[in-house]
Structures are given as C-alpha cells and as structure tokens.
*Asks:* 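First the structure, which I've put down as structure tokens, then a few questions once you've had a look.
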Amino acid sequence: MTDTAVETTEQSTAPTRIPHWIAGRRREGHGRTAPVFNPAIGVAVSEVGLASADEVSEAIATAKAAFPAWRDLSIAKRQSIMFRFRELIVQRRDELATIVTREHGKVHSDALGEIARGIEVAELATAFPLLTKGEYSENASTGVDVYSLRQPLGVVGIISPFNFPAMIPLWFAPVALAAGNCVVIKPSEKDPSAAVFIAELFQEAGLPDGVLTVVHGDKEAVDTLLTHPDVQAISFVGSTPIAEYVYETGSKHGKRVQALGGAKNHMLVLPDADLDITADAAVNAGFGSAGERCMAISVVVAVDSIADELTAKIKEKMAAIRTGDGTRDNDMGPLITGAHRDKVAGYIQTAADDGADLVVDGRDPEVDGDPNGFWLKPTLIDNVPTDSAAYKEEIFGPVLSVVRVASYEEGLELINSNPYGNGTAIFTNDGGAARRFQNEVQVGMVGINVPIPVPVGYHSFGGWKRSIFGQGKAYGKHAFEFYTREKVVTSRWLDPSHGGLNLGFPEN
C-alpha cells in the first residue's frame, strides 16, 4: 500500500502535488494546477493538477484496455476483491476521515459518519451476484428456451462533488466495479485526495491495474468525460444547473446519465409534534457538515400555533453548537472556501433586506480555530418571505429558515410547489397525518420524524423534479440496473429430424 494521498503539514513551505491514479499507480499531472485549501486555516496545503483533454483521454484509454479482462473475470474472484476492499476501508477509515477533515473541513466524527454511509454501499456491492443475475424460461415454445443476461457497460465516469469526497465515490464505484465495469472518477478539485486513497485501497484489495482510475480536473476534464465515445455512462452529484448540463451534454453524446442535483428540503412541523425532539432534529439536520449537504433541512415549515415556541427552542439549542477546527472537539467546521462562505453570508443579508428576522446571525468570526479559516456560524432566520432568494435558492450552508403556515394543507402546498424534490420530513404524533403526507408530498425521499431520510444502502437514493436528471438512482438495485444492460437470448438446440422451410410465426 502506498502512502496516503496527501503528505503535508500546515507548516510545509511547498505544497504537495496530489497525483492522478492511472494504470494502478500515481501519476503526476502536467500543465495547469489548482490550490487545495485546508478550510480551517484558510491556507493552501496542496495543489492538484488539472488534467487536459488529452490526459483524460489517455486515462480513458487505459480503462478501456483493462475492461475485457475485468469483465471476463469470474464472479467468485470479483466478489473476493469486493469483500477484501470492504475489510480494508473499515480498518483504515480513520485515515480516510483525517484526509476528508483536512481538505473539506468537516469535523472528524462527521467524516467518519460519511465513510460509514459509503461502507454500506461497499457491503451491498459484495452481494452483486444476486443483483446482476438474469432470468430463465424453459420451453417458452417447444424446445425453445428464453433467458436474459445482465452485462457491464464498459468504461463509466463518476463526477463527484466537494461536500462528500469519500461517500459519493463509495456510493457509485463499488457497484459499478462489481458489475464488471471499469471506472474513471473525477473528484472535486477542492478536496481530491480521498478518491486517490480509495483507489489505493482497491489496488491493495486485488483490483487489476486500470480498472479504477482517478483523474483530477475542472470543466475541461468533465467535458471530456461527457463527450468521449469510449465512456458509456456518467454518474454525477452536484448543483442543479451543473446536473442539467451534465445530463444534456452526456445524453447528446449517447451516454446513460444519472445526474443528482440540488435541493431545498423542507421540514413540516404540525402542532402535535414533540417540540424538543423537533428542535433537536432541526438543529442536527440544518447545521451538520456546515449545511453543505443536499439532504440538509434548510426550511422549517411551522404551523402558526407552535412557530414561536419552536423557533425559541431551536435558538436555545443552537447556543450549544461548538464551531471550529474539525480536528478539535467541535460540532461544526468551516465552509469549503472563502468564496462559498461569502456567498452564503450574502444570502443572510438578502433575507434581512427582504424583511426576515435574524434570530441568530452567524456572521460572527468568534470560533475555536484559526481566524483565517472560512468560518460562518449557524444562522437562524424567521419569517422568511417565500419570494426572497434566501428562500427560493439552495444556500448550501449553515442557514436555517423558518416559514410559517396556517395549516397542514398550506405547508404541503408550499413543499409541492417548490421546483426541487429531493428530501422532506414531517414531525407529528398523528399517524393519519403522517400517512397522508407520505402519500401526497411530491418529493423522492420522505422522513416521518426523521429529519434526514437518506435510505439505507439496499434501498436507493434519489429525488424528484429538478433534483435529479436522467436514468436511475444511486445505489440499491437501481444502481445495478444502471451499470448493466440486459441481453435476452432465445435458444433452440435443433434436432436434425425437424428441418424444412417454414416462413410463418412459430405455432408451438
């Protein structure tokens, strides 16, 4: 096993170059580079090469060359590699979490939680023989059998976002690999090292060279994956505008595309809800990972009669959140970049300008960490107008908005009229209301007294409306269907005595 993907300290004088992973080994990039920051100190601690179209094409060619042997490797051997990888990542998850905290900024415990959700899918991938087998019908016509096969696509691309640099590659790559594909990962250039670490673990598990490739880059690398004729499918997670671009461009060039986009997740709170539990849930779901997750609750939809009390409880519980360096004993870390921090802070000002009440203003730099870090403390905004950009747009930061409604019906209408449809939740002790909500709400993932309803690995992850574009959801059985294609065989072993011409349809 080679060393972890980044070897540097904040005191290093020269940033370490983060390599690509091509043909089973590290490879230095050429040409353009981008800085990789430690968000907790606001300093570039590494740099990453931004691959040119030619470099990405070379990586794709390597994957294509590795495909025939990997496709034809026995199920037993492929499965043993997946089991070994699962064991390795469990053993070394603390190292991976350290990499995530250094480059993303989330606290170490949150990074471990991200990896745990990725391990769920790695465990699912070990069961791929059950999920990729075909079907068989004997004697469909006299002496004729019909059966189906599920076969891999070839080279598939994964374009991963910054907010879950370990989990998202683990949601896609193990399934695609287990199904017999070769994979090219293009991680976010903001925190790229986790993907290289995962590739190294797969090599240690016995994955042949070239089957898993990591190539770093920006739009040039993305566009090459989307247009290259040897890439058969694309899996993407990111903002809705980019998801739509990925879907349209990839589809135009004949690829299967699953593009998971943004969200504006609402939590409807009815008058009979336990407000202490609900306030805890709102705080945890709104400010975990500094709100930089597509399943974060960003809007609490409170029925008027309990809105004041609920807002007061949320404010009280927010006071206990420790914001600071993720390597220390804190609850919430910094945002990914200074530019993103400033953008999120701009939404807070927009809400205030539009007449909302700033109950807790997080634009306060007093934190447990370096003053140069990209800090923004948890923010609570009440009475947010629904025509404000602070309500309508995805903020992707530690900002929780409260919108008041008169009834369940008004709250449901608010949620259903939103262009996003990723996740939602209802908090109530009324089973009838909960059942009605799960039936009527137009959202892909629903929580009943569960604020972040991310499905377990053997179900599938994905939203509705402008939160998803293309074919198929992440992980679960849908993922195996996405990464394979069905071939149906009609077979008859001829008896020489049954010859002769017959131009009609079979009658037997």
*Asks:* Verify, without hydrogens or angle tests, whether S160 (side chain) and P165 (backbone) share a donor-acceptor contact under 3.5 angstrom.
*Replies:*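 Checking the backbone N and O of P165 against the side chain of S160, no donor-acceptor pair under 3.5 Å is found.
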
*Asks:* Any donor-acceptor pair under 3.5 Å linking the side chain of N418 with the backbone of Y420?
*Replies:*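 Flag set: sc N418 to bb Y420 pair under 3.5 Å.
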
*Asks:* Check the angle between the aromatic planes of F202 and F85 and answer parallel, tilted or perpendicular using the 30° and 60° thresholds.
*Replies:*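 Rings of F202 and F85: parallel, as their planes differ by under 30°.
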
*Asks:* With heavy-atom distances below 4.5 Å as the criterion, would you say the side chains of D209 and Q203 are in contact?
*Replies:*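 Yes, side chains in contact.
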
*Asks:* Quick one: closest heavy-atom pair of F128 and I75, and the distance?
*Replies:*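 Looking at all heavy atoms of both residues, the shortest contact is CZ-O, 3.7 Å.
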
*Asks:* Under a 3.5 Å distance rule, please check whether N449 uses its side chain to pair with a backbone N or O of T428 as donor and acceptor.
*Replies:*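 Side chain of N449 to backbone of T428, a donor-acceptor pair under 3.5 Å: yes, one is there.
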
*Asks:* So does C294 get a backbone contact from the side chain of N265, meaning a donor-acceptor N/O pair under 3.5 Å?
*Replies:* yes

*Asks:* Quick one: list whatever passes side-chain hydrogen bond (donor to acceptor under 3.5 Å, both in side chains) with N416, sequence neighbours left out.
*Replies:* none

*Asks:* Specify the closest pair of heavy atoms between A282 and M267, including all atoms of both residues, with the distance to one decimal.
*Replies:*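 Between these two residues, the closest heavy atoms are CB-CE, 3.6 Å.
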
*Asks:* Could you tell me the separation between the CG atom of L225 and the CD atom of E220, rounded to the nearest 0.5 Å?
*Replies:* 11.5 Å

*Asks:* Taking the side chain as every heavy atom from C-beta outward, state whether W171 and F164 have any atom pair closer than 4.5 Å.
*Replies:*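 Side-chain contact under 4.5 Å: no.
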
*Asks:* For K477, is the NZ atom crowded, meaning more than 12 foreign heavy atoms sit under 6.0 Å from it?
*Replies:* no

*Asks:* State, to 0.1 Å, how close T484 and L153 come at their nearest heavy-atom pair, and which atoms those are.
*Replies:*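 For T484 and L153, the tightest heavy-atom pair comes out as C-CD2, 3.9 Å.
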
*Asks:* Have a look at I81 and tell me which of V211, L177, L207 forms a side-chain contact (heavy atoms from CB on, under 4.5 Å) with it.
*Replies:*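 Only one of V211, L177, L207 forms a side-chain contact (heavy atoms from CB on, under 4.5 Å) with I81, namely L207.
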
*Asks:* Check this for me: R492, atom CZ, are more than 12 non-hydrogen atoms of other residues, nucleotides or ligands nearer than 6.0 Å?
*Replies:* no

*Asks:* Is any side-chain heavy atom of L124 closer than 4.5 Å to one of L131?
*Replies:* yes

*Asks:* Any side-chain heavy-atom pair from V456 and H459 closer than 4.5 angstrom?
*Replies:*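 Heavy-atom side-chain distance check passes, below 4.5 Å.
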
*Asks:* Can you confirm whether more than 12 heavy atoms, excluding those of Y458, are under 6.0 Å from its OH atom?
*Replies:*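 Result for OH/Y458: open.
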
*Asks:* Under a 3.5 Å distance rule, please check whether S417 uses its side chain to pair with a backbone N or O of L414 as donor and acceptor.
*Replies:* yes

*Asks:* Show your reasoning for whether side-chain contact (heavy atoms from CB on, under 4.5 Å) applies to K264 and I395.
*Replies:* CA-CA 8 Å; K264 194 72 177 182; I395 296 177; 3.8 Å; yes

*Asks:* Can you name the closest pair of heavy atoms from T62 and A23 and give their distance?
*Replies:*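 Shortest heavy-atom contact: CG2-CB, 3.7 Å.
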
*Asks:* Answer yes or no: is there an ion pair linking R117 with E120, defined by an N-O contact shorter than 4.0 Å?
*Replies:* yes

*Asks:* Please check if atom CD in E28 has more than 12 non-hydrogen atoms from other residues, nucleotides or ligands closer than 6.0 Å.
*Replies:*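 More than 12 within 6.0 Å, yes.
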
*Asks:* Taking the side chain as C-beta and beyond, is there a heavy-atom pair between K186 and V56 under 4.5 Å?
*Replies:*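 K186 vs V56: side chains apart.
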
*Asks:* Nearest 0.5 angstrom please: L50 CG to H30 NE2, how far?
*Replies:*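 With rounding to 0.5 Å, CG (L50) is 13.5 Å from NE2 (H30).
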
*Asks:* Considering only heavy atoms from C-beta outward, does the side chain of L226 approach that of Y245 to under 4.5 Å?
*Replies:*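 Yes - at least one pair of side-chain heavy atoms lies under 4.5 Å apart.
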
*Asks:* Does S460 reach the main-chain N or O of Y475 with its side chain, forming a donor-acceptor pair under 3.5 Å?
*Replies:*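 Yes, the answer is positive, given that a donor and an acceptor are paired below the 3.5 Å cut-off.
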
*Asks:* Which atoms form the tightest heavy-atom contact between V231 and K255, and what is the distance?
*Replies:* O-NZ, 2.8 Å

*Asks:* Can you tell me how far apart CD (E486) and CD (Q151) are? Round to the nearest 0.5 Å.
*Replies:*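 Reported to 0.5 Å precision, the distance equals 10.5 Å.
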
*Asks:* Should the ring pair H340 and F162 be called parallel, tilted or perpendicular, given that the plane angle runs from 0 to 90° and is split at 30 and 60?
*Replies:*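 Plane angle over 60°, so perpendicular.
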
*Asks:* Please find the pair of heavy atoms, one from P187 and one from V215, that lie closest to each other, and give the distance.
*Replies:* CD-O, 3.6 Å

*Asks:* Does K343 come within less than 4.0 Å of E393, counting only side-chain N to carboxylate O?
*Replies:*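 No salt bridge links K343 with E393.
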
*Asks:* Looking at residues at least two apart in the chain, or sitting in another chain, which of them share a salt bridge (charged side-chain N to carboxylate O under 4.0 Å, His left out) with R27?
*Replies:*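 Partners of R27 under the salt bridge (charged side-chain N to carboxylate O under 4.0 Å, His left out) test: E58.
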
*Asks:* Taking E200 first and then R26, would you say they form a salt bridge - that is, a charged N and a carboxylate O separated by under 4.0 Å?
*Replies:*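 Between R26 and E200 there is a salt bridge, with a charged N closer than 4.0 Å to a carboxylate O.
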
*Asks:* Main chain of E123, side chain of T126: is a donor-acceptor contact present, judged purely on distance under 3.5 Å?
*Replies:* yes

*Asks:* Below 4.0 angstrom, N of the basic side chain to O of the carboxylate: do R17 and E47 qualify?
*Replies:* yes

*Asks:* Between the side chain of Q258 and the main-chain N/O of K473, is any donor-acceptor distance below 3.5 Å?
*Replies:* yes

*Asks:* Taking it one step at a time, do V257 and F469 satisfy side-chain contact (heavy atoms from CB on, under 4.5 Å)?
*Replies:* CA-CA 8 Å; V257 180; F469 300 86; over 6 Å; no

*Asks:* Hey, mind stepping through T132 and Y483 against side-chain hydrogen bond (donor to acceptor under 3.5 Å, both in side chains) and telling me if it holds?
*Replies:* CA-CA 10 Å; T132 57; Y483 287 123; over 6 Å; no

*Asks:* Do NZ/NE/NH1/NH2 and the carboxylate oxygens of E292 and K106 come within less than 4.0 Å?
*Replies:*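 Here E292 does not pair with K106 in a salt bridge, since their nearest N and O are not under 4.0 Å apart.
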
*Asks:* Rounded to the nearest 0.5 Å, how far apart are CG of L96 and CG of L170?
*Replies:* 7.0 Å

*Asks:* Got more than 12 heavy atoms from elsewhere within 6.0 Å of CZ, R93?
*Replies:* no

*Asks:* Any side-chain heavy atom of M445 sitting closer than 4.5 Å to one from N422?
*Replies:* yes

*Asks:* For E189 and R32: C-alpha separation, side-chain torsions, deciding distance, then whether salt bridge (charged side-chain N to carboxylate O under 4.0 Å, His left out) applies.
*Replies:* CA-CA 12 Å; E189 63 274 23; R32 297 178 302 127; over 6 Å; no

*Asks:* Just say parallel, tilted or perpendicular for the rings of Y391 and H266, cut-offs at 30° and 60°.
*Replies:* perpendicular

*Asks:* Atom CG of D223 and atom OG1 of T249: how far apart are they, to the nearest 0.5 Å?
*Replies:* 6.5 Å

*Asks:* Counting only N and O atoms by type, is there a donor-acceptor contact under 3.5 Å from the side chain of T240 to the main-chain atoms of R466?
*Replies:* yes

*Asks:* F37 vs T337, test: side-chain contact (heavy atoms from CB on, under 4.5 Å). Steps then yes/no.
*Replies:* CA-CA 8 Å; F37 286 85; T337 64; 5.6 Å; no

*Asks:* Can you tell me if E114 uses its side chain to pair, donor with acceptor, with the backbone of M167 under 3.5 Å?
*Replies:*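 Present.
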
*Asks:* Step by step, would you call H228 with V155 a side-chain contact (heavy atoms from CB on, under 4.5 Å)?
*Replies:* CA-CA 10 Å; H228 198 288; V155 178; over 6 Å; no

*Asks:* Counting C-beta onward and ignoring hydrogens, is there a side-chain heavy-atom pair between F482 and V175 closer than 4.5 Å?
*Replies:*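 Heavy-atom side-chain distance check fails, nothing below 4.5 Å.
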
